[in-house]
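Just so we're clear, the structure is a prediction, and the values are computed from it rather than from any experiment. Both ligands and their constituent atoms are indexed starting at 1 by order of listing.
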Amino acid sequence: MTAVFGHSLVAQVPLLDVGRANGPLREGILAAMERVFDSGRFLYGPDVTQLEQSLARRCGARHAIACASGSDALLLALMALGIEPGDEVIVPSFTFFATASAVSRLGAKIVFADIDPVTYNMDPGQLSMLITPRTKAVIPVHLYGQCADMAALNEIANRHKLSVVEDAAQSIGAAWLDRPAGNWGDVTCISFYPTKNLGGCGDGGMVVTSDESLEKRLRLFSAHGMQPRYFHKVVGINSRLDSLQAAALNVKLTMLDQWTADRQENAARYHELFHEAGLEKTLQLPVARSGATHVWNQYTIRVPEGRRDALRNYLAQNGVGSEIYYPHPLHLQECFADLGYRRGSLPNTERASAEVLSLPIFPGLTADEQYTVVQRIFGFYAQRQSIAA
Ligand SMILES: *Cc1c(COP(=O)(O)O)cnc(C)c1O
């Protein structure tokens, strides 16, 4: 064990340890699930309603509709907005697959926008360039826990009468200019995938809106378009949040503010540690824009000069977990080849895919673990210099 500035190195640092946040809630979560089990009511019911109301309040919206995943939330949002073949929907390419697949599932055309290289979020300048008479909607993604520039994006969308769907899968609790994610768009999509800031014990999702008629359509589409029973108004899907999941999530929600504060504290500590190690110019550290309340689902550095994969391997060999979100941009995926994008189509996205690396930031991560991560990265660059010298 080496100790510098009061920190000690540790042998292993996992990218994510869900158990550290869940552990102290074990009794509470199991008791809540037991209540649902004993009630025999596994779908709908009070736990789901409670979670919907809590999330609507947190997002500054009037309604929230629970569904089976964040991916379904995106699909339902576009269905409720009436997106259909012939329509164009503008989405970033630097995001998880589900943001774009929802568009193509409905037969509409995906139009990929490039990103701001600092925040990795959709570049508003790109949005205005890509709008055509067929454009119906735009899906800004709040990547890594930081909102896209919603003031600028909304202004452009409103001018062109586009619907705005916020993909807040990674950003529950984030805000832009003090307005929460969920308060900007027509519809906002949230995911409870276990790695998200509010993660369930399995899959889950939520759609948030303040529009009364959209709320009705979202509920209709999520329940086979059936109303009343066995009469189908539209062709919907079956997408519900299990009561067991909702029960667990209601317990976990009591800790969300604390966990968000932990993530923010961890981000600030990385910032200090990287500066102490003199690495702040070698790497590009993540930037929380002024106006953003960043909730740090990921702490993502940029590793220049083609060294990203070598650094990632070095970290793995030295017991430090890391991950690349996302290594292959969506516009270059095989399934979207017919859209005609090429390498070079979206330069900021492609550069980010080659350079980003996400480091452990989860609640419960210790200062010694963070110190270890930074020291291992320091070791990687020191080794390179000694070889060069
Ligand atoms: C996780 C995620 C989704 C999908 O959520 P699931 O619950 O896993 O279906 C969609 N968009 C983004 C940006 C995500 O990070």
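Counted within 6.0 Å of CZ on Phe378, heavy atoms from surrounding residues, nucleotides or ligands total 12 or fewer; the atom is thus considered open. For OH of Tyr193, the number of neighbouring non-hydrogen atoms (other residues, nucleotides, ligands) closer than 6.0 Å is 12 at most.
Arg58 has a carboxylate O that lies under 4.0 Å from a charged side-chain N of Asp257, or vice versa, which qualifies the two as a salt bridge.
Some N or O of Asp167 is nearer than 3.5 Å to an N or O of ligand 1, by distance alone. Checked by distance only, ligand 1 and Asp203 stay at 3.5 Å or farther apart across all their nitrogen or oxygen atoms. In terms of N/O distances under 3.5 Å, ligand 1 is not approached by Ala169.
Of the inter-residue distances, the one linking Arg376 atom CZ with Tyr314 atom OH reads 7.0 Å to the nearest 0.5 angstrom. How far CG of Asp149 is from OG1 of Thr119: 8.5 Å, rounded to the nearest 0.5 Å.
Screening Arg307, Arg302, Arg308 for a salt bridge (Lys or Arg N to Asp or Glu O under 4.0 Å) with Glu355, the sole residue that qualifies is Arg302.
If you number the atoms of ligand 1 from 1 as listed, the ones under 4.0 Å from a heavy atom of Ser69 come out as 7 (O), 9 (O). Here is the list of ligand 1 atoms found below 4.0 Å of a heavy atom in Val141: 13 (C). Atom numbering of ligand 1 starts at 1 in the shown order; those under 4.0 Å from a heavy atom of Thr99 are 11 (N). Close approach of ligand 1 to Ser71 is summarised as follows: ligand atoms under 4.0 Å from at least one heavy atom of the residue are 4 (C), 5 (O), 6 (P), 9 (O). Which parts of ligand 1 touch Thr95 is read off a 4.0 Å heavy-atom cut-off, strictly below it: atoms 13 (C).
Of the candidates Phe96, Tyr325, Phe94, it is Phe96 that places a heavy atom closest to atom 3 (C) of ligand 1.
Within the structure, ligand 1 has Lys196 among the residues with a heavy atom less than 4.0 angstrom away.
Atom 15 (O) of ligand 1 has Gln170 NE2, 2.8 Å as its closest protein atom, hydrogens excluded (heavy atom only). With hydrogens left out, the protein atom closest to atom 5 (O) of ligand 1 is Ser191 OG, 3.3 Å, a heavy atom.
Below 30°, between 30° and 60°, or above 60°: for Phe94 and Tyr120 the angle between ring planes is between 30° and 60°, a tilted geometry.
A donor atom on one side chain and an acceptor atom on the other are not found under 3.5 Å apart for Asn313 and Gln317.
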